[in-house]
Amino acid sequence: MTSIKDVASVAGVSVATVSRVLNDHPAVRPDTRSRVLSAVTQLAYRPNAVARSLRTHQTRTLGLVISDVLNPFFTELARSVEGAARERGYSVIIGNADERAALQEHHVRTLLERRIDGLLVSPTDGGTAMIRDAADAGTPMVFVDRWIPGIDVPVVHADGRPAVHDLVAHMYALGHRRLAIIGGPSETTTGNERVAAFREALQAFGLPLPRNYTGQGDFQTESGRLATAAFLDLPDPPDAVFATDNLMALGAMDELRSRGLRVPEDIALAAFDDIPWFLHTDPPITAIAQPTGELGRRAVQALINLVEGRSADSVTLTARLVTRRSCGESEGSRR
């Protein structure tokens with residue numbers, strides 16, 4: 001079956017340009033429009049169901065599908081996206097996937113049916129058919145925080161690898177040698193990236209990562225509690241736990257307290273994705289902070305560029321380590 005990518009290849013233009021021609025966008029030059037229409041005729045291209053759902057006029061509305069609205073990281077991200085879009089004269093419709101692929105598919109389909117101008121997605125897993133179809137159909141789309149390999153759209157995310165290395169170095173300097181990790185879903189890019197970064201950092205310090213020191217979580221609280229329980233039941237439990245998500249860190253804290261263990265006296269704890277709550281826990285939690293507000297603003301900027309017929313590049317920002325007192329730091333420690 002002929003796809004919009006085939007049309008773009010024959011016409012020598014981008015998929016987004018083909019989409020604009022098919023939707024009679026006024027920003028397309030006459031000679032480009034002619035090449036695209038010629039390719040459409042030559043290939044006998046017929047838009048699929050997703051392509052037919054694309055807008056015929058701008059609604060100045062963007063769609064945002066986030067993985068879990070209860071996760072403070074995504075709550076802050078959504079707030080940043082909404083504010084940045086409003087400043088540019090756009091409204092935002094938000095869908096919460098609740099870390100479920102089927103619900104993500106539902107939200108993407110619903111947003112397309114409402115003829116949004118563009119779509120921001122932080123995917124829950126390796127991707128659903130609707131996201132791939134929408135990208136193939138030329139829907140202006142940007143991935144934020146997470147992304148789906150093989151789908152050629154801009155990605156706006158923060159590189160956490162240097163900060164994870166800093167965290168391991170920090171724990172090592174404090175005397176910790178048995179470090180465990182609670183990883184996120186292996187279907188997500190962030191889940192894989194954070195575990196890989198942790199493993200690489202341990203190797204740099206000559207530390208092992210036994211299989212039973214790697215817990216499998218789902219970026220939600222209960223999985224953090226269960227993974228921590230499994231660590232503590234080992235004959236030789238870890239002396240430090242790194243949760244690759246804030247909610248899993250809170251679940252880990254719950255399990256430690258339920259067993260009467262003290263942080264950091266009995267075991268150290270750190271998290272990825274800093275949140276304001278961590279300042280108010282006892283002790284305050286050492287965490288890796290992402291520039292969440294900037295992620296939202298840059299993602300909106302990239303998407304509006306696509307919507308308005310301009311190019312958009314991927315953006316990589318930098319996460320940083322914020323030290324507090326949950327790893328055995330001295331009173332008032334923070335950097």
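This one's a predicted model, so the numbers in the text were calculated from it and none came from an experiment.
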Which side-chain N or O atoms in residues 149-160 pair as donor and acceptor under 3.5 Å with protein atoms at least two apart or in another chain?
from : atom 1 : to   : atom 2 : distance (Å)
D159 : OD1    : R161 : N      : 3.0
D159 : OD1    : R161 : NE     : 3.0
D159 : OD2    : R161 : NH2    : 3.2

*Worked check of side chain to side chain contact (heavy atoms under 4.5 Å, CB included) between L232 and L261*: CA-CA 10 Å; L232 297 176; L261 296 175; 3.8 Å; yes

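- Closest of all the heavy-atom pairs between I148 and I131 is CD1-CG2, 3.9 Å.
- The shortest distance between side-chain heavy atoms of D236 and L234 does not fall below 4.5 Å.
- At distances below 3.5 Å, at least one donor-acceptor pair connects side-chain atoms of N96 with backbone N or O atoms of V69.
- Under the 4.0 Å criterion applied to side-chain N and carboxylate O atoms, R79 and E82 are not assigned as salt-bridge partners.
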*asked:* Could you walk me through whether V121 and V144 satisfy the side chain to side chain contact (heavy atoms under 4.5 Å, CB included) test, starting with their C-alpha distance in whole Å, then the side-chain angles of each, then the deciding distance to 0.1 Å, before giving a yes or no?
replied: CA-CA 6 Å; V121 185; V144 57; over 6 Å; no

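- In this structure, V168 and F205 have side chains that are in contact, with non-hydrogen atoms separated by less than 4.5 Å.
- Put simply, the side chain of T228 gets close to the backbone of G224: a donor and an acceptor are under 3.5 Å apart.
- Distance alone, capped at 3.5 Å, places no donor-acceptor pair between the S223 side chain and the G217 backbone.
- Of the possible polar contacts, one joining the R35 side chain to the A11 backbone as a donor-acceptor pair under 3.5 Å is found.
- Separation of atoms OG1 (T124) and CD1 (I66) is listed at 12.0 Å; rounding is to 0.5 Å.
- In this structure, the side chain of T110 engages the main chain of H106 through a donor-acceptor pair within 3.5 Å.
- A salt bridge links E294 with R298: the closest approach of a Lys/Arg side-chain nitrogen to an acidic carboxylate oxygen falls below 4.0 angstrom.
- Placement of L174 and L269 in two distinct hydrophobic clusters is found when ILVMFWY residues are connected by side-chain heavy-atom separations under 4.5 Å, directly or transitively.
- Put simply, the side chain of L112 reaches to within 4.5 Å of the side chain of M130, judged on heavy atoms.
- Judged purely by atom type and a 3.5 angstrom limit, T75 uses its side chain to pair as donor or acceptor with the backbone of N71.
- At a cut-off of 3.5 Å, with distance as the only test, a side-chain donor of T17 or S14 sits close to an acceptor on the other residue.
- Atoms CD and CZ, from E255 and F231 in turn, are 11.5 Å apart once rounded to the nearest 0.5 Å.
- With hydrogens and angles ignored, the 3.5 Å screen pairs a side-chain donor or acceptor of E329 with a backbone N or O of C327.
- When all heavy atoms of A240 and I267 are compared, the closest pair comes out as N-CG1, 4.0 Å.
- The line from CG of D245 to CZ of F272 is 10.0 Å long, rounded to the nearest 0.5 Å.
- Between R225 and E222 a salt bridge is recorded (basic side-chain N to carboxylate O distance below 4.0 Å).
- Residues S326 and P283 form a side-chain contact, since some pair of their non-hydrogen atoms from C-beta on lies under 4.5 Å apart.
- Taking CD1 from I116 and CZ from R60, the interatomic distance works out to 14.5 Å, rounded to the nearest 0.5 Å.
- Side-chain atoms of T244 and I182, non-hydrogen and from C-beta on, never get closer than 4.5 Å to each other.
- With S122 contributing its side chain and S67 its backbone, the two residues share no donor-acceptor pair below 3.5 Å.
- Panel note: side chain D98, backbone R100; no donor-acceptor pair is recorded below 3.5 Å.
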*Are L119 and V108 close enough, and set up right, to give a side chain to side chain contact (heavy atoms under 4.5 Å, CB included), and what steps lead you there?*
CA-CA 8 Å; L119 184 62; V108 171; 4.0 Å; yes

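- Under the 3.5 Å distance criterion, the side-chain polar atoms of N192 are matched with a main-chain donor or acceptor of S186.
- A distance of 5.0 Å separates OG1 in T292 from CZ in F73, rounded to the nearest 0.5 Å.
- Nearest approach of S311 to N305, heavy atoms of both residues: O-CB, 3.5 Å.
- Minimum heavy-atom separation, A227 to G215: CB-CA, 4.3 Å.
- The neighbour count for R114 CZ, taken as heavy atoms of other residues, nucleotides or ligands under 6.0 Å away, does not exceed 12.
- Salt bridge R259/D233: present, at least one basic N to carboxylate O contact under 4.0 Å.
- With hydrophobic clusters built from ILVMFWY side chains whose heavy atoms lie under 4.5 angstrom apart, L77 shares a cluster with V315.
- Residues F143 and P123 come closest through the heavy atom pair CD2-CD, 4.1 Å.
- With a 4.5 Å cut-off on side-chain heavy atoms, L37 and V21 count as touching.
- Put simply, CZ on F242 and CD1 on I288 are 4.0 Å apart, with the number rounded to the nearest 0.5 Å.
- More than 12 heavy atoms of other residues, nucleotides or ligands shown are found within 6.0 angstrom of CZ on R178.
- No side-chain heavy atom of V65 sits less than 4.5 Å from a side-chain heavy atom of I94.
- Because its NZ or CZ atom is not both nearer than 6.0 Å to the ring centre of F278 and within 45° of the ring axis, R324 does not count as a cation-pi partner of that residue.
- Inter-residue side-chain proximity for Q220 and E99 is flagged as met; some heavy-atom pair is nearer than 4.5 Å.
- Nearest heavy-atom pair across P140 and L306 is CB-CB, 4.0 Å.
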